[in-house]
Amino acid sequence: MKSDSVRRGVQTATASRKPGSSPGLGKVARMPGYGRRSALRRRSQSSQGDRQGQERQRHAQVVGWSIGVGLMSLVALGLVFGLWLRPRSRAAKNLPGPARSARVESKFKAPTESEALAAVKKALALHDPAEVDGLIRRGPMTAPEVVAFLEAMPAKDGEIKNYRWLGGIDKNGLSLEGVQVTFAGQDQPRGRLAILTPDSNGVWKLDFAAFARWVKPSWESLLEQQAESAVIRVFATQDNYFNGPFRDEREWAAYKLASPDTEAILVGYCKLGSAQHRAMELLWQRGDTAIARVTLEIRRLAETPGAVRAERCQFEIARVLAEDWVLADKPLDGRNP
């Protein structure tokens with residue numbers, strides 16, 4: 001904010017005497033008792049006592065006013081804070097169900113914070129492929145690939161700096177427990193999301209495809225070698241970039257897609273009213289955040305003679321596989337609306 005300038009008026013008084021003349025005092029009345037030292041001393045002592053009394057009185061008044069103003073300010077602040085807090089407390093108590101982190105009903109007990117942290121730490125410390133299946137849900141990766149990824153992780157992300165328990169982050173009808181893993185990267189701190197989910201025996205295991213943000217094929221193959229399609233795990237947000245073959249916003253819905261594993265920003269499109277469009281809009285149904293994690297299958301539009309070519313970053317969303325990065329038995333866009 002710019003402070004208002006303050007202008008002070010200065011008036012200059014013009015002396016009435018002539019230049020070079022000595023200042024005149026005018027008539028000065030003779031003070032009664034002038035020249036009588038005893039009377040002057042008594043009067044001076046009396047005046048000094050009066051001044052001290054007046055100063056003490058003024059000091060007491062100032063202190064009293066200060067205390068009064070302070071008490072009134074505290075009371076006013078208390079009333080204002082109470083009025084501010086009341087509607088927010090009421091709103092917090094009456095939040096609609098979907099806005100809260102509702103848990104999926106499960107026959108298995110969710111791990112405690114200490115249990116979840118211990119499970120993630122143990123899984124990430126693995127070096128023996130034979131122990132992988134006991135702690136990790138491998139998904140499309142083999143046990144040796146899992147161990148190789150873990151061993152290469154310090155060079156890529158840095159040493160693990162912190163584990164933070166997120167609690168239940170259930171999605172896709174699955175019971176999920178989240179742990180944020182922070183790395184001390186060389187350029188800037190990096191992070192990965194460790195998601196635990198129970199197997200058929202109730203053993204909570206790390207979903208490794210979600211942790212590794214597994215994509216197929218690689219980002220290099222998709223972006224540099226122009227692969228026709230890919231399965232990607234990305235952050236998504238609603239967008240309004242309509243261009244090329246996707247220029248008609250009455251036909252397409254647009255979403256910005258980003259990953260920590262590439263600097264490229266993609267734009268994914270799906271037909272308005274399609275199963276993919278309905279599934280994508282479910283990501284923001286709870287209104288928790290403008291950015292959502294999602295697993296997608298994307299593809300390039302087939303080129304036809306005379307048609308406008310899509311840009312390098314533009315893809316059609318062929319399937320919405322999962323809300324978040326853990327796959328369920330059935331794709332998200334294959335469920336009944």
Side-chain angles (χ1 to χ4, degrees), residues 98-99 139-140 169-174 176 193 195 209-210 213-337:
I169 54 172
D170 299 349
K171 300 287 175 63
N172 302 304
L174 300 174
L176 305 176
L193 180 61
I195 302 179
R213 296 188 292 263
W214 183 83
V215 297
K216 184 180 180 179
S218 65
W219 284 109
E220 181 181 1
S221 297
L222 178 65
L223 300 175
E224 302 300 332
Q225 301 173 14
Q226 300 291 301
E228 293 298 321
S229 63
V231 173
I232 59 175
R233 284 172 167 82
V234 290
F235 293 97
T237 185
Q238 294 162 320
D239 199 25
N240 57 1
Y241 181 73
F242 299 95
N243 197 10
F246 305 101
R247 62 184 176 274
D248 191 350
E249 58 186 284
R250 296 168 300 179
E251 181 180 0
W252 299 96
Y255 304 93
K256 187 177 295 182
L257 311 175
S259 169
D261 301 318
T262 178
E263 295 182 357
I265 302 297
L266 312 184
V267 185
Y269 299 87
C270 50
K271 294 277 188 178
L272 290 176
S274 64
Q276 289 70 42
H277 178 225
R278 292 192 297 269
M280 289 297 293
E281 292 303 309
L282 285 175
L283 303 179
W284 297 280
Q285 188 178 49
R286 282 185 289 271
D288 297 339
T289 178
I291 301 175
R293 294 185 297 270
V294 64
T295 305
L296 302 173
E297 181 183 342
I298 59 174
R299 64 190 175 198
R300 300 184 187 277
L301 279 186
E303 294 185 12
T304 56
V308 179
R309 295 185 61 181
E311 296 178 8
R312 175 175 174 269
C313 66
Q314 291 179 307
F315 295 86
E316 182 181 8
I317 297 175
R319 300 299 305 268
V320 182
L321 300 177
E323 181 183 11
D324 218 306
W325 295 338
V326 178
L327 297 181
D329 293 335
K330 192 172 185 179
L332 184 63
D333 62 9
R335 301 180 187 178
N336 295 325

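All values below were derived from every heavy atom in this structure, side-chain atoms included, with hydrogens, water molecules and symmetry-related copies excluded.
Nearest heavy atoms, Ala210 versus Val326: CB-CG2, 3.9 Å. Of all the heavy atoms in Trp284 and Ala236, the pair that sits closest is CZ2-O, 3.5 Å. Across all their heavy atoms, Leu223 and Ala264 have their closest contact at CD1-CB, 3.6 Å. For the pair Ala318 and Asp333, the tightest heavy-atom approach, listed with the atom from each and the gap, is O-OD2, 4.2 Å.
To the nearest 0.5 Å, atom CD1 of residue Ile317 and atom CD1 of residue Ile298 are 8.0 Å apart. Note that CD1 of Ile265 and OG1 of Thr237 are 11.0 Å apart. Values are rounded to the nearest 0.5 Å. Annotation: the span from Leu327 atom CG to Asp324 atom CG amounts to 10.5 Å, rounded to 0.5 Å. One distance of note links CD1 of Ile291 with CG of Leu283; it measures 12.5 Å at 0.5 Å rounding. The distance from the CG atom of Leu272 to the CZ atom of Arg250 is 11.0 Å, given to the nearest 0.5 Å.
Put simply, the side chain of Arg300 does not reach to within 4.5 Å of the side chain of Glu316, judged on heavy atoms. Looking at heavy atoms from C-beta onward, Gln238 lies in side-chain contact with Glu281 at the 4.5 angstrom threshold. In this structure the side chain of Leu332 never reaches within 4.5 angstrom of the side chain of Val294, judged on heavy atoms. The shortest distance between side-chain heavy atoms of Val320 and Leu282 does not fall below 4.5 Å. The shortest distance between side-chain heavy atoms of Val215 and Val234 does not fall below 4.5 Å.
Within 6.0 Å of NZ on Lys216 lie no more than 12 heavy atoms contributed by other residues, nucleotides or ligands. No more than 12 heavy atoms of other residues, nucleotides or ligands shown are found within 6.0 angstrom of CG on Asp329.
Residues passing the side chain to side chain contact (heavy atoms under 4.5 Å, CB included) test with Ser229 are Arg299, sequence neighbours excluded. With sequence neighbours excluded, no residue satisfies ring pair (Phe, Tyr, Trp, His ring centres under 6.0 Å) with Phe315. In terms of the side chain to side chain contact (heavy atoms under 4.5 Å, CB included) criterion, residue partners of Pro245 (sequence neighbours excluded) are, by chain and number, Leu301, Val308, Ala310, Gln314.
Ring geometry for Tyr269 against Phe246 counts as parallel: the plane angle stays under 30°, on a 0 to 90° scale with 60° as the upper cut.
Residue pairs satisfying the ring pair (Phe, Tyr, Trp, His ring centres under 6.0 Å) criterion with at least one member in residues 213-243, sequence neighbours excluded, are listed as follows: Phe235-Trp325. Contacts classified as salt bridge (charged side-chain N to carboxylate O under 4.0 Å, His left out) and involving residues 217-239 (residues at least two apart or in different chains) are given here: Glu224-Arg312. Residue pairs meeting the side-chain hydrogen bond (donor to acceptor under 3.5 Å, both in side chains) criterion with at least one partner in residues 256-268, sequence neighbours excluded, are Arg213-Asp261.
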### Worked check of side-chain contact (heavy atoms from CB on, under 4.5 Å) between Leu193 and Arg293
CA-CA 11 Å; Leu193 180 61; Arg293 294 185 297 270; 3.4 Å; yes
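With hydrogens and angles disregarded, no donor-acceptor distance shorter than 3.5 Å links the side chain of Thr295 to the backbone of Ile232. In this structure a side-chain-to-backbone donor-acceptor pair under 3.5 Å is missing from Gln225 to Leu222. Asn172 places a side-chain N or O within donor-acceptor distance of the main-chain N or O of Glu323, the cut-off being under 3.5 Å.
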